[in-house]
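A short write-up of the structure that comes next.
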Amino acid sequence: MYLRVKGIIKKDGKCLLVKRWVDDHIPDPFVWEFVETEVNFGESPDEAVLRGIYDTLSVEGQIERILYTWSNMIGDSQCVGIAYLCSIEDADADNIVLTEDYGEWAWVEQERFCEYIDNKYMLHDIGARTL
């Protein structure tokens with residue numbers, strides 16, 4: 001079993017989505033998602049989500065609250081996750097610098113997530129939540 005955390009960053013009624021590289025052997029090698037990372041040994045989930053935001057975006061994040069949890073099986077391993085509602089400073093919102101695994105970023109209204117995110121489980125999990 002392993003633990004992942006997701007940082008759903010909200011600003012002015014929109015959330016930040018990042019386009020992550022997954023595989024260059026397929027026609028569209030990028031997928032849109034929220035900032036997500038695995039919790040390292042000895043690290044708290046709160047520390048991990050803030051590290052993930054900084055490592056991915058090169059800006060500091062702040063935790064607002066936990067939105068939901070999830071669990072799924074990937075082969076023989078169970079993945080348990082915590083989704084956090086987060087924010088970044090207004091001055092940082094347009095100064096994001098992505099790491100090389102990410103192609104672009106966009107601020108997107110919640111009602112438009114389905115135009116970007118293909119993961120139906122993630123859309124279901126976040127759909128009933130007020131951000």
Membership question, hydrophobic clusters at under 4.5 Å side-chain separation (ILVMFWY): are [Y] and [X] in the same one?
| X | Y | value |
| --- | --- | --- |
| V18 | Y116 | no |
| L67 | I63 | no |
| L98 | I9 | yes |
| Y68 | I82 | no |
| M122 | W32 | yes |

Intermediate values then yes/no, side-chain contact (heavy atoms from CB on, under 4.5 Å), L85 and K10
CA-CA 7 Å; L85 182 63; K10 184 175 179 183; 3.9 Å; yes
Just how far is it from atom [atom1] of [X] to atom [atom2] of [Y], taken to the nearest 0.5 Å?
| X | Y | atom1 | atom2 | result |
| --- | --- | --- | --- | --- |
| R112 | I117 | CZ | CD1 | 11.5 Å |
| E36 | I8 | CD | CD1 | 9.5 Å |
| I53 | S58 | CD1 | OG | 12.0 Å |
| E104 | L17 | CD | CG | 10.5 Å |

For [X], is the [atom1] atom crowded, meaning more than 12 foreign heavy atoms sit under 6.0 Å from it?
| X | atom1 | result |
| --- | --- | --- |
| Y54 | OH | no |
| D46 | CG | yes |
| M73 | CE | yes |

Among T99, N95, D92, L16, the one residue meeting side chain to side chain contact (heavy atoms under 4.5 Å, CB included) with L57
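Result for side chain to side chain contact (heavy atoms under 4.5 Å, CB included) with L57: L16.
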[X] to [Y] - nearest heavy-atom pair and separation:
| X | Y | value |
| --- | --- | --- |
| Y84 | P45 | OH-CB, 3.2 Å |
| W70 | R4 | CH2-O, 4.0 Å |
| Q62 | L50 | N-CD2, 4.0 Å |
| C15 | F34 | CB-CE2, 4.2 Å |
| I88 | A93 | CD1-CA, 3.8 Å |
| C86 | V49 | SG-CG2, 4.4 Å |

I'd like to check the ring-ring contact (aromatic ring centres under 6.0 Å, His included) partners of Y2; sequence neighbours left out, ordered by chain and number.
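Partners of Y2 under the ring-ring contact (aromatic ring centres under 6.0 Å, His included) test: none.
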Check: T56 side chain, V35 main-chain N or O, donor-acceptor pair, under 3.5 Å
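Checked: no pair found.
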Looking at E47 and S44, would you say the former's side chain and the latter's main chain have a donor-acceptor pair under 3.5 Å?
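Judged by distance alone, yes, a pair lies under 3.5 Å.
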[X] side chain near [Y] side chain, heavy-atom distance below 4.5 Å:
| X | Y | value |
| --- | --- | --- |
| Q78 | S71 | yes |
| F113 | I126 | yes |
| R51 | N40 | yes |

Might you work through the side-chain contact (heavy atoms from CB on, under 4.5 Å) test for V80 and M1, ending with a clear yes or no?
CA-CA 7 Å; V80 176; M1 181 173 78; 3.6 Å; yes
May I ask you to decide if the ring planes of W105 and W107 are parallel, tilted or perpendicular, using 30° and 60° as cut-offs?
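Rings of W105 and W107: perpendicular, as their planes differ by over 60°.
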